[in-house]
Amino acid sequence: MGNKIMDIHSHFVPEVYAAALKKHNALLEDVFPTPCWDVESHLDFMDQAGIAWSLLSISSPQPYFGDASESRELCRAINEYGAKLKKDFPDRFGYAACLPLPDIQGAVLEARYALENLGVNAIKLASNSRGLYLGEDAMEPLFQYLNDMSAVVIIHPHRPEPLKEGIFTAGPVPLFEFMCDTTRAVMNLIARGHLKKYNRIKFVVPHCGAFLPNIFQRFEGISQILAPKGLMEKVDVKEAFASLYFDTAGNPVPYLLDLLRHFVPDSHILYGSDHPYTPDSQKLELLQALKDQLKEAPTLSEDILYKNAQELFSSDLLHKIFDL
């Protein structure tokens, strides 16, 4: 297979972002250490893992700290740096731009600049941006633009607001609350009918869908009770799940991947490493475990490791990289 893996859940920590987190005392906002990052170590990990191309995005926290003007400037600086990496390493890096949400007007302007001027591959949206959740009516101007552009949207979890302090999961937020918040955000998109309304947007859900596969049947059953009473939009939950894309960041094998495949077509599952928030040794072990589980289905292995992402981010460059 060679170096044909595409990593679509991969982060970077540019200096301007790290400086903003430090300024706002947010380096440990998720009670999870913000790692050091540099281009050379990222490329070194990619070479060790056999990854040809990585889609970069910022992780959490969302770069908004109460000042919309500051957030607009910060997102612009992050996005211009991400686009420069994409330009400097065109056969190694892609980029998913961040937006200054919950500032809707600023988010639309930045999405337009990122997609139309910087030529980014995707837009990264937090599950909630300082309390504004995906699927809320306030986000419709942004969703309408992204739909018009047939954009790929990379969802990433964020610390919920409010979150009661003093309980265990309020500490290591990525352990449980991230999974809850991803699930909450995507359920909101489905229940409000936004996946169907904005059906040209391609949403990528992280971490094997968080808790979505676990609640699929319950969501489907309860929707048949709530929709007739006007308490949620009438939606085809099975169809909605099948329209989403999912990455394998986290611990997908041996259980989560098999569970996810009950509800999602194999063509919508994509590899993700979660670099650099997961140690290199652990990422390599997880990748090998994934490969081992897929050995009995070599076609599926190629699809998940690169072909599905190649199709989603279709471009002449990517076809050149992966069709050698």
Side-chain angles (χ1 to χ4, degrees), residues 57 60-69 71-72 75 96-116 122-163 177-206 209-212 215-216 218-220 222-245:
S57 66
S60 176
Q62 171 71 2
Y64 185 98
F65 305 98
D67 184 329
S69 178
S71 183
R72 290 188 186 196
C75 287
C98 61
L99 306 180
L101 288 165
D103 172 13
I104 300 296
Q105 183 181 19
V108 174
L109 292 173
E110 189 61 24
R112 180 175 289 115
Y113 179 77
L115 289 169
E116 298 181 29
I123 298 293
K124 176 257 176 177
L125 294 179
S127 54
N128 86 85
S129 298
R130 306 301 176 182
L132 177 69
Y133 274 87
L134 300 183
E136 291 195 43
D137 292 344
M139 296 193 73
E140 292 203 12
L142 175 61
F143 276 25
Q144 186 60 63
Y145 171 72
L146 296 176
N147 193 67
D148 291 344
M149 295 296 290
S150 298
V152 176
V153 168
I154 305 295
I155 298 173
H156 193 276
H158 196 270
R159 181 185 181 91
E161 293 190 9
L163 177 59
E177 300 297 344
F178 269 13
M179 306 296 276
C180 289
D181 216 57
T182 296
T183 303
R184 182 180 297 114
V186 176
M187 286 181 67
N188 203 42
L189 287 171
I190 295 172
R192 290 175 175 263
H194 283 201
L195 291 187
K196 192 168 186 177
K197 182 176 182 179
Y198 303 108
N199 59 13
R200 293 175 63 188
I201 301 175
K202 304 172 190 71
F203 290 98
V204 182
V205 184
F211 295 143
L212 288 164
I215 64 167
F216 169 80
R218 182 170 177 81
F219 192 14
E220 188 175 40
I222 288 182
S223 70
Q224 296 171 19
I225 299 172
L226 297 181
K229 297 180 181 298
L231 298 175
M232 67 174 281
E233 297 285 335
K234 184 178 180 180
V235 294
D236 185 327
V237 175
K238 185 175 182 179
E239 180 181 69
F241 269 60
S243 72
L244 295 164
Y245 291 79

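What's counted below: heavy atoms across the whole structure, side chains too, no hydrogens, waters or symmetry copies. Numbers for residues simply follow the sequence, beginning at 1. All values derive from a computational prediction rather than experimental measurement.
Of all non-hydrogen atoms in Arg200 and Asp148, the two that sit nearest each other are NH2-O, 3.6 Å. A pairwise comparison of heavy atoms in Leu163 and Pro160 identifies CB-O, 3.6 Å as the closest pair. Pairing each heavy atom of Phe178 with each of Arg159, the nearest pair is CE1-N, 3.7 Å. Gln62 and Leu99 make their closest contact through NE2-O, 2.8 Å (heavy atoms, listed as atom of the first residue, atom of the second, distance). The minimum heavy-atom distance linking Ala210 with Thr183 is given by the pair CB-OG1, 3.4 Å. For the residue pair Ala97 and Ala114, the shortest heavy atom distance occurs at CB-CB, 3.6 Å.
Between Ile123 and Leu146 the shortest side-chain heavy-atom distance falls below 4.5 Å. When side chains are defined from C-beta on, Asp103 does not count as touching Ser71, because their heavy atoms never get closer than 4.5 Å. Residues Cys75 and Tyr113 have side chains not in contact (no heavy-atom distance under 4.5 Å, counting atoms from C-beta outward). The closest side-chain heavy-atom distance from Pro206 to Thr182 is below 4.5 Å. When side chains are defined from C-beta on, Phe211 counts as touching Cys180, because their heavy atoms get closer than 4.5 Å. When side chains are defined from C-beta on, Ile201 does not count as touching Val152, because their heavy atoms never get closer than 4.5 Å. At least one side-chain heavy atom of Leu212 sits less than 4.5 Å from a side-chain heavy atom of Met187. The shortest side-chain heavy-atom distance between Leu101 and Leu142 falls under the 4.5 Å cut-off.
Atom CD in Gln224 sits 11.5 Å away from atom CZ in Phe219 (nearest 0.5 Å). In this structure, the separation between CE on Met232 and CD1 on Ile225 is 11.0 Å, given to the nearest 0.5 Å. Put simply, SG on Cys98 and CD1 on Ile154 are 13.5 Å apart, with the number rounded to the nearest 0.5 Å.
Here side chain to side chain donor-acceptor pair (under 3.5 Å) pairs that include residues 232-244, with residues two or more places apart or in two chains, number zero.
By the side chain to side chain donor-acceptor pair (under 3.5 Å) test, His156 is found to be paired with His11, Ser59, residues two or more places apart in sequence or in another chain being considered. Checked against side chain to side chain donor-acceptor pair (under 3.5 Å), Glu116 has the following partners two or more places apart in sequence or in another chain: Tyr145.
The number of heavy atoms from other shown groups lying within 6.0 Å of CD (Gln105) does not exceed 12. Other residues, nucleotides and ligands contribute more than 12 heavy atoms inside 6.0 Å of the NZ atom of Lys202.
Judged purely by atom type and a 3.5 angstrom limit, His158 has no side-chain atom pairing as donor or acceptor with the backbone of Arg130. At distances below 3.5 Å, not a single donor-acceptor pair connects side-chain atoms of Asp181 with backbone N or O atoms of Ser127. The main-chain N or O of Glu136 is never found under 3.5 Å from a side-chain atom of Arg192 such that the two would form a donor-acceptor pair.
Relative ring orientation between Phe143 and Phe203 is described as tilted, the plane-to-plane angle lying within the 30° to 60° band.
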As a quick check of understanding, evaluate side chain to side chain contact (heavy atoms under 4.5 Å, CB included) for Asn147 and Gln144, giving each step before the final call. CA-CA 5 Å; Asn147 193 67; Gln144 186 60 63; 4.3 Å; yes

Would Glu140 and Lys197 satisfy side chain to side chain contact (heavy atoms under 4.5 Å, CB included), going step by step from the backbone distance to the final call? CA-CA 10 Å; Glu140 292 203 12; Lys197 182 176 182 179; 2.9 Å; yes

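Screening Val153, Val204, Ile155 against Tyr245 for a side chain to side chain contact (heavy atoms under 4.5 Å, CB included) leaves a single residue, Val204.
Side-chain N/O atoms of Asn188 and Arg184 include no donor and acceptor closer than 3.5 Å.
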